[in-house]
Amino acid sequence: MKIGTPKETFEGEARVAMTPDSAAQLLKLGHECVIETGAGAMAGFADADYKAAGVEVAKTAAALWKAADVVAKVRVPSDAEMKRLRDGQTLISFFSPVADESKMQAAAKKGATVVAMEMIPRISRAQKMDALSSMANIAGYRAVIEAGNNFGRFFTGQITAAGKVPPAKVLVVGAGVAGLAAIGTSTSLGAITYAFDVRPEVAEQVESMGAEFVYLDFEEEQQDGASTGGYASVSSPEFREAQLAKFRELAPEVDIVITTALIPNREAPELWTEDMVKSMKPGSVIVDLAAEKGGNCKLTVADEKIVTDNGVTIIGYTDFPSRMATQASSLYATNIRHLMTDLTPEKDGVINHDMEDDVIRGATIAHAKEVTFPPPPPKVAAIAAAPKKEAPKELTAEEKREKELVEFKNQTRNQVGLLAIGGGLLLAVGLVAPASFMQHFIVFILSVFIGFQVIWNVAHSLHTPLMAVTNAISSIIILGAIIQIGSSSLLITLLAALAVFMAAVNIFGGFLVTRRMLAMFQKS
């Protein structure tokens, strides 16, 4: 089949749904590719690049829509593009089925199949096609860059001859894909970063990235990601009030606020109220990533940057991924390519639209002249945190002593048993081995025992770097192997050569792993 990508008609949209690299992969699936002339120009992909990849270049949008069996786009199709959609044609695009219900109905009436990229279910198998996450990742990164561009100070703290510069304080509201990307970028720039999310289970992710998770003194039973498609659930009014109270407390302290709270096909919840904006310091910046759905900030104006009376800059741009068009196009085109791989299981250029497949069914909103939205829940559970474990029953002092005594007896019994077995084996070896061998063998056994006890008491998080270094240091045995490699016995020579090889791997591998582990904690 022929897959076509037209030039985006939405004003200011610079992304493109097909890149030369993704087209080369689509050709391997047995498809043909066609692109409208100039479609990739704003993303940095020239027509010549497409031609070199084997892509046909159509002169007009009308010619492309007429020739293509599958049309891959970024933005929701315009009214003019909907008129070009025909029976049997497949459209793959962002396509808000709630806001654009009339277009969805029109597509179904025409007999076209529509795959909405934002409807890809959040299950493990579908991560490679999750365009929402791909674009959110870029939006979170770009939000920090835009904030820095409008913030009058450094992110990181500095002490210079001219004076001391305090680090910026950044609050990220929402720790989804966009939020985590913003947290990572902010901390890497040296800012003191705080993060909040209604799902307390993401606190570990936040803290592992160097940010501080903001906890509420409020307990509420939260739904897990499996029941909400991998997104945060709607909170109760009481939880919302506690949340707003915490934000009011933080507002005068933070310099930059990045809000990312948004659930697909819903209006954005209002989290940063007008009084919070008024309590912020002059020069502060708010970046609202939910501006397209009404905004998390009360004063946000979609697609505009405003400055309040008290000097707070509020950025409501809705095109953050488009501002990084080359990267965004590459990721989005890869999502499309993975989807086409699932739609072409035989790699013969023939699409098999399997409505029994969780991913394909979940993303399909119109098929066989029927509206197929909303989809049924996926058979496979969404990506979610592990269920909460029940708190262990608190033991009395007497029960604790009894439990410790039982554990001590079991541990002692096991140690005595192991010593008895080890002593028996050692005695058996001593009956047949020469005395000179036994002297070295006993030293070896003791060193193994001591080494095990030392390693066993090290925290698990330190095992990898510790073992890497000990591997390198313990490879001093290479000296003994080198001495024996000149032996007159062929067997000893072969064993010595093998020992030299394995010890060399330990030495170089040990230091290489240690270096990489240390590099993880170094700022570039």
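These numbers were taken from a predicted model, which means no experiment stands behind them.
- The OG1 atom of Thr300 lies 7.0 Å from the CD1 atom of Ile306; values are rounded to the nearest 0.5 Å.
- Open room surrounds NZ on Lys83; 12 or fewer heavy atoms of other groups in view lie less than 6.0 Å from it.
- Aromatic ring pairs are classed by plane angle as parallel below 30°, tilted from 30° to 60° and perpendicular above 60°; the pair His353 and His367 is parallel.
- Using modelled atom types, no side-chain atom of Asn137 and backbone atom of Ser134 make a donor-acceptor pair closer than 3.5 Å.
- A 4.5 Å side-chain heavy-atom check between Leu289 and Leu262 finds every atom pair outside the cut-off.
- Here the closest heavy-atom approach between residue Ala261 and residue Ala290 is recorded as O-CB, 3.7 Å.
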Does the pair Asp358 and Ile123 meet the rule for a side chain to side chain contact (heavy atoms under 4.5 Å, CB included), with working shown? CA-CA 9 Å; Asp358 276 344; Ile123 58 178; 4.2 Å; yes
Let's go through Met104 and Phe95 carefully: what are the C-alpha distance in whole Å and the side-chain angles of both, what is the deciding distance for side chain to side chain contact (heavy atoms under 4.5 Å, CB included) to 0.1 Å, and is it a yes or a no? CA-CA 8 Å; Met104 178 174 61; Phe95 197 118; 4.0 Å; yes
Kindly indicate, with the supporting measurements, whether the criterion side-chain hydrogen bond (donor to acceptor under 3.5 Å, both in side chains) is fulfilled by Thr193 and Ser186. CA-CA 7 Å; Thr193 308; Ser186 176; 2.9 Å; yes
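- One finds a salt bridge joining Arg15 and Glu13 here, because a Lys/Arg side-chain nitrogen approaches an Asp/Glu carboxylate oxygen to under 4.0 Å.
- A cation-pi arrangement is absent between Arg142 and Phe320, since the terminal nitrogen or guanidinium carbon is not both under 6.0 Å from the aromatic centre and inside a 45° cone about the axis.
- Counting only distance, with no hydrogens or angles, the side chain of Glu81 and the backbone of Ser78 share a donor-acceptor pair below 3.5 Å.
- Using a 4.5 Å heavy-atom cutoff, the side chains of Asp342 and Arg125 are in contact.
- The neighbour count for Glu204 CD, taken as heavy atoms of other residues, nucleotides or ligands under 6.0 Å away, does not exceed 12.
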Walk me through whether Phe196 and Phe247 qualify under ring pair (Phe, Tyr, Trp, His ring centres under 6.0 Å). CA-CA 10 Å; Phe196 173 82; Phe247 290 163; 5.3 Å; yes
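- Rounding to the nearest 0.5 Å places OG of Ser22 at 11.5 Å from CG of Leu331.
- Surrounding CD of Glu101 are at most 12 heavy atoms belonging to other residues, nucleotides or ligands under 6.0 Å away.
- Ser329 places no side-chain N or O within donor-acceptor distance of the main-chain N or O of Thr326, the cut-off being under 3.5 Å.
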Trace of the side chain to side chain contact (heavy atoms under 4.5 Å, CB included) decision for Lys278 with Val312: CA-CA 8 Å; Lys278 289 181 178 178; Val312 176; over 6 Å; no
Quick one: side chains of residues 24-40, donor-acceptor pairs under 3.5 Å with protein atoms, not counting sequence neighbours, listed by atom name and distance.
| unit_1 | atom_1 | unit_2 | atom_2 | d |
| --- | --- | --- | --- | --- |
| His31 | NE2 | Thr344 | OG1 | 2.8 |
| Glu36 | OE1 | Lys7 | N | 2.8 |
| Thr37 | OG1 | Asp47 | OD2 | 2.6 |

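- No salt bridge links Asp288 with Lys298; every basic N to acidic carboxylate O contact stays at or beyond 4.0 Å.
- Looking only at side-chain heavy atoms (C-beta outward), Glu118 and Ser96 come within less than 4.5 Å of each other.
- Between the CD atom of Gln205 and the CD1 atom of Ile183 there is a distance of 9.0 Å, given to the nearest 0.5 Å.
- Taking every heavy atom of both residues into account, Ile351 and Val70 meet most closely at CD1-CG2, 3.3 Å.
- Ionic pairing of Lys110 and Glu370 is not present here: no N-O contact between side-chain nitrogen and carboxylate oxygen is shorter than 4.0 angstrom.
- Because its NZ or CZ atom is both nearer than 6.0 Å to the ring centre of Tyr317 and within 45° of the ring axis, Arg323 counts as a cation-pi partner of that residue.
- A side-chain contact (heavy atoms from CB on, under 4.5 Å) with Ile365 holds for exactly one of Thr113, Val114, Asp100, Leu91; it is Val114.
- A salt bridge links Asp255 with Arg153; the closest basic N to acidic carboxylate O contact falls under 4.0 Å.
- Of all heavy-atom pairs between Ala17 and Val74, the closest is N-CG2, 3.9 Å.
- Separating the CD atom in Glu241 from the NZ atom in Lys246 is a distance of 15.5 Å, to the nearest 0.5 Å.
- Residues Gln89 and Arg84 come closest through the heavy atom pair OE1-O, 3.8 Å.
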Throw together a table of side-chain donor-acceptor distances under 3.5 angstrom for residues 52-69, partners on residues two or more places apart or in other chains.
| unit_1 | atom_1 | unit_2 | atom_2 | d |
| --- | --- | --- | --- | --- |
| Glu56 | OE1 | Lys2 | NZ | 3.2 |
| Thr60 | OG1 | Ala63 | N | 3.2 |
| Asp69 | OD2 | Lys2 | N | 2.9 |

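- In this structure, the side chains of Ile314 and Val277 come closer than 4.5 Å at one or more pairs of heavy atoms.
- Inter-residue side-chain proximity for Trp272 and Asn296 is flagged as unmet; no heavy-atom pair is nearer than 4.5 Å.
- With hydrogens and angles left out, the side-chain atoms of Asp319 and Ser322 include no donor and acceptor closer than 3.5 Å.
- Here the side chain of Asp130 pairs no donor or acceptor atom with the backbone of Ala126 at under 3.5 angstrom.
- Judged by distance alone, the side chains of Thr318 and Asp303 do bring a donor and an acceptor atom under 3.5 Å apart.
- In this structure, OG1 on Thr308 lies 7.5 Å from CG on Leu299, to the nearest 0.5 angstrom.
- The shortest distance between side-chain heavy atoms of Lys73 and Glu8 falls below 4.5 Å.
- With hydrogens and angles left out, the side-chain atoms of Lys128 and Asn335 include no donor and acceptor closer than 3.5 Å.
- Aromatic ring centroids of Phe94 and Phe10 lie 6.0 Å or more apart.
- No side-chain heavy atom of Ile145 sits under 4.5 Å from any side-chain heavy atom of Met324.
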Determine whether Val144 and Leu189 satisfy the following criterion, side chain to side chain contact (heavy atoms under 4.5 Å, CB included), listing intermediate values before the conclusion. CA-CA 9 Å; Val144 177; Leu189 290 173; 3.9 Å; yes
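- Between Pro321 and Ala328, the closest heavy-atom pair is O-CB, 3.3 Å.
- Counting all heavy atoms, side chain and backbone alike, Met280 lies closest to Ala251 at CG-O, 3.6 Å.
- Side-chain atoms of Asp21 and Thr19 form no donor-acceptor pair, as typed in the model, at a separation below 3.5 Å.
- Aromatic ring centres of Tyr194 and Phe213: separated by at least 6.0 Å.
- Side-chain atoms of Thr364 come within 3.5 Å of backbone N or O of Ile360 as a donor-acceptor pair.
- Going from atom CG of Asn150 over to atom CD1 of Ile286 covers 12.0 Å, rounded to the nearest 0.5 Å.
- For the pair Leu339 and Ile92, the minimum side-chain heavy-atom distance is below 4.5 Å.
- No donor-acceptor contact under 3.5 angstrom links the side chains of Arg75 and Thr9, judged on distance only.
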